[in-house]
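Note that the numbering runs from 1 along the sequence shown for the chain.
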Amino acid sequence: MSNSKNRDSLDFFFNPASVAIIGASKTPGKIGHELLRNLTQSGFGGKIFPVNPKAGKILGYICYKSIVDVPSPVDLGIVVVPADLVEGVTRDCVTKQVKGIIIITSGFSEVGNKELEERIVEIARGKLRIVGPNTFGIYYAGTKMNATFGPTKVLEGHTAFITQSGALGLALMDWTTEEKYGVSAIVSIGNKSDVDDADLIEYFSSDSLTRSILIYMEGLKGGRKFYEISKSATRKKPIVVIKAGRSKRGAQAASSHTGSIAGQDTVFSAAFEQAGIMRAEGMTQAFDWIQAINENPVPKGENLAIVTNGGGVGVLATDKCEALGLKLTDISTNLADDLKQIMPSFGSVKNPIDITANADDVLYAKVLDVLFRSEDVDSIIALFCQTANIDPVLFAQAIISLRNKENFKKPLTCAFIGGHLSQIAYSTMLEGQFAAYPTAERAVDSMYALTTRYRQLSRWKAEEV
Ligand code: COA
């Protein structure tokens with residue numbers, strides 16, 4: 001089902017004036033109850049209509065026997081009835097002129113029941129759009145709509161997360177809040193019987209709340225459409241994909257999980273590369289990259305400086321930079337002179353800049369300030385080792401206050417290495433919307449993502465000329 005005005009055509013999934021939950025239940029613990037509870041408690045401002053043949057009231061809301069009995073128009077239907085009832089409910093939704101439905105129900109192509117899924121798509125064709133079946137729903141921060149049976153609380157942010165795995169997505173909903181990775185949207189895409197990754201990429205590439213798009217993918221239908229849409233979307237916003245099923249056995253597991261054909265991995269990698277999609281190895285790397293991308297400007301060049309109060313981590317980070325093809329800038333005489341004026345004589349003004357374990361938070365902040373001002377440096381990795389001389393939390397606060405200065409226009413990734421206090425400092429940085437990590441390697445890897453973005457944008461700009 002294709003639609004050229006995709007953004008408008010999918011808006012009712014994220015910004016509906018009214019939502020009906022078909023299969024809403026009075027019984028706590030049932031999916032039809034939890035979903036209604038989440039929706040009513042999320043702060044969503046649209047109308048909500050529970051639908052259940054037993055009618056009555058659920059959670060204080062008047063319940064209707066059928067969607068066709070709802071006395072006003074319905075934009076979005078959420079279907080939570082058993083699989084053998086979904087066909088009839090879809091017909092009713094068409095009669096009611098519902099614009100889109102999210103089918104939560106499992107038991108379709110993912111378990112070999114393709115015919116039923118195809119019949120439902122046929123009923124809907126040209127009349128309403130379908131997300132699913134086999135999904136946990138949609139969360140959208142813009143309308144505070146939590147139409148999922150996942151966690152009630154979701155941390156608002158700027159990444160649209162599209163997931164083909166339900167359980168993984170549900171777990172990640174909780175995890176993102178815990179780890180302070182905010183999301184603009186979460187879409188459990190399920191079996192992709194109609195709305196697919198490409199449709200959502202197109203939608204979120206024009207969504208003002210979304211700065212980056214993260215996709216967990218097992219398989220893909222409509223490769224050409226995905227490639228074309230992604231290629232233009234990455235010009236506007238970064239897309240990071242975790243594509244599972246790299247290995248032979250992993251591909252088999254993906255196929256039995258969602259019924260997807262995992263496809264040849266090398267073909268995916270090449271297509272992602274050409275479309276400008278960044279492929280992450282796994283969850284940690286994907287979220288690290290997204291964090292760096294969301295919280296930083298794109299670098300203006302490749303001249304990178306590392307500053308550290310621990311010589312060892314400076315060396316480790318340098319090795320990692322070299323392995324990833326990141327360029328440590330040669331410190332110019334002018335910059336070295338500026339640094340020497342504030343640094344201890346036994347420190348090193350070569351890159352990595354080692355301010356030594358003797359440094360305190362005030363000195364560290366001064367060095368960063370010099371690097372932010374220097375025209376020789378495009379981006380900075382700040383490595384922090386907990387020592388007796390420096391309070392990690394004070395250090396974190398010093399960096400946060402630097403951001404308010406006018407010269408803070410460069411990408412920065414930080415690592416906080418140490419015990420309990422370093423953990424607090426690391427959390428303080430995340431709350432302050434900085435790209436902070438618990439290891440030097442992860443801070444470097446995240447700078448790699450930013451540099452990749454710089455390289456992509458420069459290449460595309462050059463191609464335009
Ligand atoms: N219209 C509206 N409601 C109807 C209905 C109809 N035509 N026919 C029945 N219902 C009601 C039922 O009466 C019931 O409400 P009740 O609790 O008040 O009795 C409610 O719909 C649900 O039906 P029920 O038969 O109790 O099903 P269930 O809640 O046990 O399971 C699903 C329904 C959809 C949750 C289940 O079939 C399913 O697919 N579970 C897996 C979901 C999943 O994991 N999805 C993927 C996540 S990633």
Side-chain angles (χ1 to χ4, degrees), residues 139 141 150-159 161 170-184 186 211-212 214 240 280 282-297 306-310 313 316-317 320 355 357 359-365 367-368 372 379-405 408 410-450:
Y139 164 82
T152 307
K153 265 191 77 181
V154 185
L155 186 68
E156 289 181 23
H158 301 288
T159 299
F161 177 38
L170 284 169
L172 282 177
M173 270 177 93
D174 253 342
W175 184 79
T176 48
T177 309
E178 192 69 23
E179 292 290 316
K180 303 184 176 63
Y181 292 112
V183 287
S184 53
I186 301 175
R211 288 186 201 153
S212 57
L214 173 59
V240 175
M283 275 162 40
T284 309
Q285 187 175 54
F287 279 95
D288 283 356
W289 285 0
I290 287 288
Q291 183 84 355
I293 286 166
N294 282 356
E295 309 302 4
N296 281 295
I306 294 178
V307 55
T308 180
N309 67 337
V313 286
L316 280 175
K320 178 91 181 170
I355 61 171
D360 62 8
D361 55 287
V362 177
L363 173 60
Y364 208 138
V367 171
L368 283 177
F372 276 118
S379 47
I380 303 161
I381 298 176
L383 307 173
F384 169 83
C385 291
Q386 194 173 335
T387 68
N389 290 355
I390 188 162
D391 179 332
V393 181
L394 284 181
F395 172 60
Q397 285 161 352
I399 301 183
I400 291 171
S401 63
L402 265 181
R403 171 180 268 184
N404 300 330
K405 293 198 173 181
F408 200 112
K410 292 176 189 173
L412 170 75
T413 64
C414 311
F416 285 78
I417 302 140
H420 180 61
L421 281 178
S422 290
Q423 290 293 317
I424 298 174
Y426 162 63
S427 290
T428 309
M429 291 292 282
L430 293 180
E431 272 160 20
Q433 301 190 323
F434 276 81
Y437 306 93
T439 67
E441 290 83 351
R442 285 172 62 183
V444 174
D445 192 50
S446 301
M447 187 54 78
Y448 166 76
L450 287 163

*Might you point out which heavy atoms bring Gln423 and Gly418 nearest each other, and give the distance in Å?*
NE2-O, 4.5 Å

*Is the Phe416 to Phe395 ring centre distance short of 6.0 Å?*
yes

*asked:* Using only atom types and a distance under 3.5 Å, with no angle test, would you say the side chain of Arg211 pairs donor to acceptor with the backbone of His158?
replied: no

*Measure the spacing between NZ of Lys180 and OG1 of Thr428 and express it to the nearest 0.5 Å.*
8.5 Å

*asked:* Measuring only between side-chain heavy atoms, which start at C-beta, is Val154 closer than 4.5 Å to Met173?
replied: yes

*Any pair with a residue in residues 282-297 that passes salt bridge (Lys or Arg N to Asp or Glu O under 4.0 Å), sequence neighbours left out, goes on the list, sorted by first then second residue, please.*
Asp288-Arg442

_Distance in Å, Glu156 CD paired with Thr176 OG1, rounded so as to fall on 0.5 Å steps_ = 12.0 Å

*asked:* Side chains of Thr413 and Leu450, heavy atoms from C-beta outward: is any pair under 4.5 Å?
replied: yes

*Measure the CE-CD1 distance between Met447 and Ile306 for me, rounded to the nearest 0.5 Å.*
9.0 Å

_Under 3.5 Å: donor-acceptor pair, side chain of Asp445, backbone of Glu441_ = no

_For Phe161, is there any backbone N or O sitting under 3.5 Å from a side-chain donor or acceptor partner on Thr159?_
no

*Atom pair CG (Asn309) and CD1 (Ile417), whose distance is rounded to the nearest 0.5 Å*: 8.5 Å

_Contact summary for Tyr181 and Gln291, nearest pair of heavy atoms_ = CD2-OE1, 2.8 Å

*At their closest point, which heavy atom of Ile390 faces which heavy atom of Asp360, and how far apart are they?*
CD1-C, 3.6 Å

*asked:* Does Tyr448 have more than 12 heavy atoms from other residues, nucleotides or ligands lying within 6.0 Å of its OH?
replied: no

_Check: Val307 main-chain N/O paired with Tyr364 side-chain donor or acceptor under 3.5 Å_ = yes

*Where is the tightest heavy-atom contact between Leu170 and Gly150, given as atom of each residue plus distance?*
CD2-CA, 3.4 Å

*Measuring from Phe384:CZ to Ile355:CD1, what's the distance to the nearest 0.5 Å?*
9.5 Å

*How long is the gap from CD1 on Ile399 to CG on Leu412, to the nearest 0.5 Å?*
6.0 Å

_Heavy-atom pair with the smallest gap, counting every atom of Val313 and Leu383_ = O-CD1, 3.6 Å

*For residues Ala317 and Ala440, report the shortest heavy-atom separation together with the two atoms involved.*
CB-CB, 4.4 Å

*So, Asn389 side chain and Ala357 main chain: donor-acceptor pair closer than 3.5 Å or not?*
yes

